Visitor: 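Take a look at the following structure, please.
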Amino acid sequence: MGFGDLLEQVGGFGRYQWLHVTLISLPGLMMASQNLLNNFISGIPTHYCSLPANHSLYNLSHQQVTYLCKIPQWQLLVANNSANVSQLETEGCLDGWTFDRSEFLATTVSEWGLVCSLRPLKQMIQTIYMGGVLAGAIIYGGLSDRFGRRSVLIWSYLQLGVLGCSSALSPSYSTYCIFRFLSGMAVSGIILNGVSLKVEWIPTRERTLVGTLTSFFFTFGQMVLAGLAYWLRDWRKLQLAVCAPHFLWYSESARWLVLKRRSDEALKSLHRVARINGKAEIIDKLTLEVLHSHMSKEIESSRSSFTAYDLLRTRGMRRISICLVAVWFSTSFAYYGLAMDLQKFGVNIYLMQIIFGAVDFPFKLIALASLTYLGRRITQAACLFLSAIIIFANILVPSNMQTLRTTLACLGKGFTSSSFTVVYLYTGELYPTIIRQTGMGFVSTMARIGSMAAPAVLILDEVLTMSCMGGAAVLAGCFACFLPETLNVPLPDTIEDVEEKWSGRKPATQQQDGLSSNEGGAYESGDLVSTEGVPLKELKDAEGTGLNAL
């Protein structure tokens, strides 16, 4: 028996789970804003070199001197005021730039002059932010296993609230980048621990549906960002608006509490869930002995420490890890490559953000149906290959056909978004319970590297940029074809289970003639015995029901 059976006994996916999942998912509205904030915070307004104070003496208009990063050498014009301005030699903008304020009132670009030779610094802000997300995945993933999901989640919200709002007061570019890096760490802590807290309270059979539907909070958040950016138009005000802390009510993971030898607290949480779900009659039957018996296998496994090395130690784990690294990296690389430079499409940036957010809804519903009927492997590979085809097709479309280019970009973004939805679920089903959190952290790290690489590639020629994104998606789609199918397959609990399911090897535990012991009880002729030797219940075939968090 597994922990999933206990969740079914206390009400399955009842009122408590609806409340719990909703409260954790609500901040997802602002998490989308954090990841895509640079589109508006660092938007590039129309600009031109500032004219000298006496330019009116020569009857010059702004249009005559609107060069991208150059301005006429005025001393030559003074020497010969009959010279044609367009024929004069040019030089850098000595008096700075003048920025149009019709689309943006103020951005980091206009604040610190991040144009011309300094333009790469605009994308560097996003790269530094994603570096913080990467660091947060490494640091907060380990801390959550030690101190609990709830504690690290609350700390992450506090960190985002304080440092995110502080970044709005940054006096310099360097200071702003430091605050964005630390904010990225907090965002990673919120996402990782929020996902863990959600799925660890959801019964197995509802996990696919709930996981997909709750991702719509992130999708809708992209549209909220467009509305806030259009309303505020000032980067400092927008920064403050999206970094307000989200202090809501959460319960610690009961499974984590048991594995950390805090079973009394876990039992109280399960009793509370039973009361809220209208299953008060189960409270007296749910004791510490029953709790330990359902989690005996995981308790025994928790005594051993596992590292990233175990993800590559055996043939089955090595195959899964290498393929998932390619899928996570390429999905993130293509997704943020398309979503992080909206101005290149020549469409109103606020409208483009709304379209990019809205397109995710139908694509995620299609992914949900495909996951249910076609399986994980086909869906994952199809999303990657189709996104690659669309990205390559966009290269062939002339720049003056903006409507078609925008349509193709939306389709490509929709497929990469679906790929993200699939890979989150797929990864949780491929890695065994005892190392699932480590595996998620490892492949998530690869995704952050992909999101860091995307802004850096955007400064290249557009054809080269699109070729890199499309090629990465094709490569990842090929790797996805080598992943095992997990549709309707019992979830693995141990590394030995992985080798048995997908490498043809039998786990060592099956060589013990069906008899094994553990601290919380023992298996003897099919009976589960407590520490006092009292039979608790007939052991049923519940392989795969002890699903750990993603």
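Computed from a predicted model, the values in this text were never measured in an experiment.
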Visitor: Could you go through W231 and L228, starting from their C-alpha distance and side-chain angles, then the distance that decides it, and tell me whether this counts as side-chain contact (heavy atoms from CB on, under 4.5 Å)?
Guide: CA-CA 5 Å; W231 174 44; L228 285 174; 4.2 Å; yes

Visitor: Can you name the residues that form a side-chain contact (heavy atoms from CB on, under 4.5 Å) with T127, not counting sequence neighbours?
Guide: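 For T127 the side-chain contact (heavy atoms from CB on, under 4.5 Å) partners, ignoring immediate neighbours, are M124, M452, P455.
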
Visitor: Going through the distances and angles, do Y350 and F40 end up as a ring-ring contact (aromatic ring centres under 6.0 Å, His included)?
Guide: CA-CA 9 Å; Y350 305 104; F40 303 97; 5.6 Å; yes

Visitor: Are the side chains of N394 and I390 in touch, meaning some heavy atoms are under 4.5 Å apart?
Guide: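 N394 vs I390: side chains apart.
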
Visitor: Would you please name every residue forming a side-chain contact (heavy atoms from CB on, under 4.5 Å) with M223, sequence neighbours left out?
Guide: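 M223 satisfies side-chain contact (heavy atoms from CB on, under 4.5 Å) with F220, I354, A358, F361 only.
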
Visitor: Between V162 and S166, which heavy-atom pair has the shortest distance, and what is it?
Guide: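 Scanning both residues completely, I find the closest heavy atoms to be O-OG, 2.7 Å.
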
Visitor: Hey, does the side chain of S370 reach the backbone of I366 with a donor-acceptor pair shorter than 3.5 angstrom?
Guide: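 No, the answer is negative, given that no donor and acceptor are paired below the 3.5 Å cut-off.
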
Visitor: Ignoring hydrogens and angles, tell me if any N or O in the side chain of R448 forms a donor-acceptor pair with the backbone of G131 under 3.5 Å.
Guide: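 No.
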
Visitor: To check you understand the geometry: which heavy-atom pair defines the closest contact between S321 and Y431, and what is its length?
Guide: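 In terms of heavy atoms, the two residues are closest at OG-OH, 3.0 Å.
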
Visitor: Tell me if a side-chain donor or acceptor on T427 pairs with a main-chain N or O of V423 at a distance below 3.5 Å.
Guide: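 Yes; judged by distance alone, with no hydrogens or angles, the pair exists.
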
Visitor: Hey, what do you get for CG (N35) to CZ (F218), rounding to the nearest 0.5 Å?
Guide: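 CZ of F218 is found 4.5 Å from CG of N35.
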
Visitor: Does S418 use its side chain to pair, donor to acceptor, with the backbone of F363 at less than 3.5 Å?
Guide: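 It does hold such a pair.
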
Visitor: Would you say the side chains of T416 and S387 form a donor-acceptor pair under 3.5 Å?
Guide: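 Note: T416 and S387 side chains miss the donor-acceptor criterion.
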
Visitor: So, do M317 and P432 sit near enough that their side-chain heavy atoms are less than 4.5 Å apart?
Guide: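 Sidechains of P432 and M317: in contact.
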
Visitor: Shortest non-hydrogen contact from L240 to A168?
Guide: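 Smallest interatomic distance, heavy atoms only, reads CG-CB, 3.7 Å.
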
Visitor: What pairs of residues pass the ring-ring contact (aromatic ring centres under 6.0 Å, His included) test when at least one of them lies in residues 115-139, not counting sequence neighbours?
Guide: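 Sorted pair list comes back empty.
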
Visitor: Check step by step if salt bridge (charged side-chain N to carboxylate O under 4.0 Å, His left out) holds for R236 and E111.
Guide: CA-CA 10 Å; R236 295 185 185 272; E111 180 96 7; 2.9 Å; yes

Visitor: According to side-chain contact (heavy atoms from CB on, under 4.5 Å), who are the partners of S167, at least two apart in sequence or on a separate chain?
Guide: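 With neighbours one apart ignored, the set is S170, Y176, F179, Q239.
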
Visitor: In Å and rounded to the nearest 0.5 Å, what is the CG to CG distance from L114 to L121?
Guide: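 Between atom CG of L114 and atom CG of L121 there are 5.5 Å.
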
Visitor: OG1 of T407 to CZ of R405: how many Å apart, nearest 0.5 Å?
Guide: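 The OG1 atom of T407 sits 11.5 Å away from the CZ atom of R405.
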
Visitor: If I take atom CD from residue Q126 and atom CG from residue L36, how far apart are they, to the nearest 0.5 angstrom?
Guide: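 Output value for this atom pair is 7.5 Å.
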
Visitor: Is there a donor-acceptor pair under 3.5 Å between the side chain of N39 and the backbone N or O of A339?
Guide: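 Checked: pair present.
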
Visitor: With heavy-atom distances below 4.5 Å as the criterion, would you say the side chains of L425 and E429 are in contact?
Guide: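 Of all side-chain heavy-atom pairs linking E429 with L425, at least one is under 4.5 Å.
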
Visitor: Can you check whether V187 reaches M31 side chain to side chain, under 4.5 Å on heavy atoms?
Guide: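 V187 reaches M31 side chain to side chain.
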
Visitor: Keeping to residues at least two apart or across chains, list the salt bridge (Lys or Arg N to Asp or Glu O under 4.0 Å) pairs with something in residues 358-367.
Guide: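 Checked against salt bridge (Lys or Arg N to Asp or Glu O under 4.0 Å) - neighbours excluded - the pairs reaching residues 358-367 are D360-K413.
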
Visitor: For the residue pair R101 and F104, would you count it as a cation-pi contact if the rule is NZ or CZ under 6.0 angstrom from the ring centre and within 45 degrees of the ring axis?
Guide: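 Output no; distance or angle outside limits.
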
Visitor: To the closest 0.5 Å, what do you measure between CG (L411) and CG (L338)?
Guide: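 So the CG of L411 and the CG of L338 are separated by 11.0 Å.
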
Visitor: As a quick check of understanding, evaluate side-chain hydrogen bond (donor to acceptor under 3.5 Å, both in side chains) for Q380 and S419, giving each step before the final call.
Guide: CA-CA 6 Å; Q380 185 73 78; S419 180; 2.8 Å; yes

Visitor: Write down the atom of A472, the atom of F333, and the distance for their closest heavy-atom approach.
Guide: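 Result for this residue pair: CB-CD2, 3.9 Å.
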
Visitor: Is the CH2 atom of W155 crowded by more than 12 outside heavy atoms at less than 6.0 Å?
Guide: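 It does not: W155 CH2 has 12 such atoms or fewer within range.
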
Visitor: When rounded to the nearest 0.5 angstrom, what distance separates CD1 in I154 from OH in Y157?
Guide: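 One gets 9.5 Å once the value is rounded to the nearest 0.5 Å.
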
Visitor: Can you find a heavy atom in the side chain of V109 that is under 4.5 Å from one in the side chain of P45?
Guide: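 Yes; the side chains approach each other to less than 4.5 Å.
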
Visitor: Is there a side-chain contact between F442 and V325, using heavy atoms and a 4.5 Å cut-off?
Guide: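 In contact.
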
Visitor: State, with a plain yes or no, whether a side-chain heavy atom of T107 is found less than 4.5 Å away from one of I44.
Guide: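 Contact flag for T107/I44 side chains = no.
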
Visitor: Quick one: closest heavy-atom pair of L483 and I320, and the distance?
Guide: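 For L483 and I320, the tightest heavy-atom pair comes out as CD2-O, 3.9 Å.
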
Visitor: Applying side chain to side chain donor-acceptor pair (under 3.5 Å) as the test, list every pair that has at least one member in residues 179-188; sequence neighbours left out.
Guide: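 Output for this query lists Q34-R180.
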
Visitor: For a quick test of reading the model, state the closest non-hydrogen atom pair linking Y140 to V152 and the distance between them.
Guide: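 Looking at all heavy atoms of both residues, the shortest contact is CD2-CG1, 3.9 Å.
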
Visitor: Can you label the angle between the W328 ring and the F420 ring as parallel, tilted or perpendicular, going by 30° and 60°?
Guide: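 Correct class here is perpendicular.
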
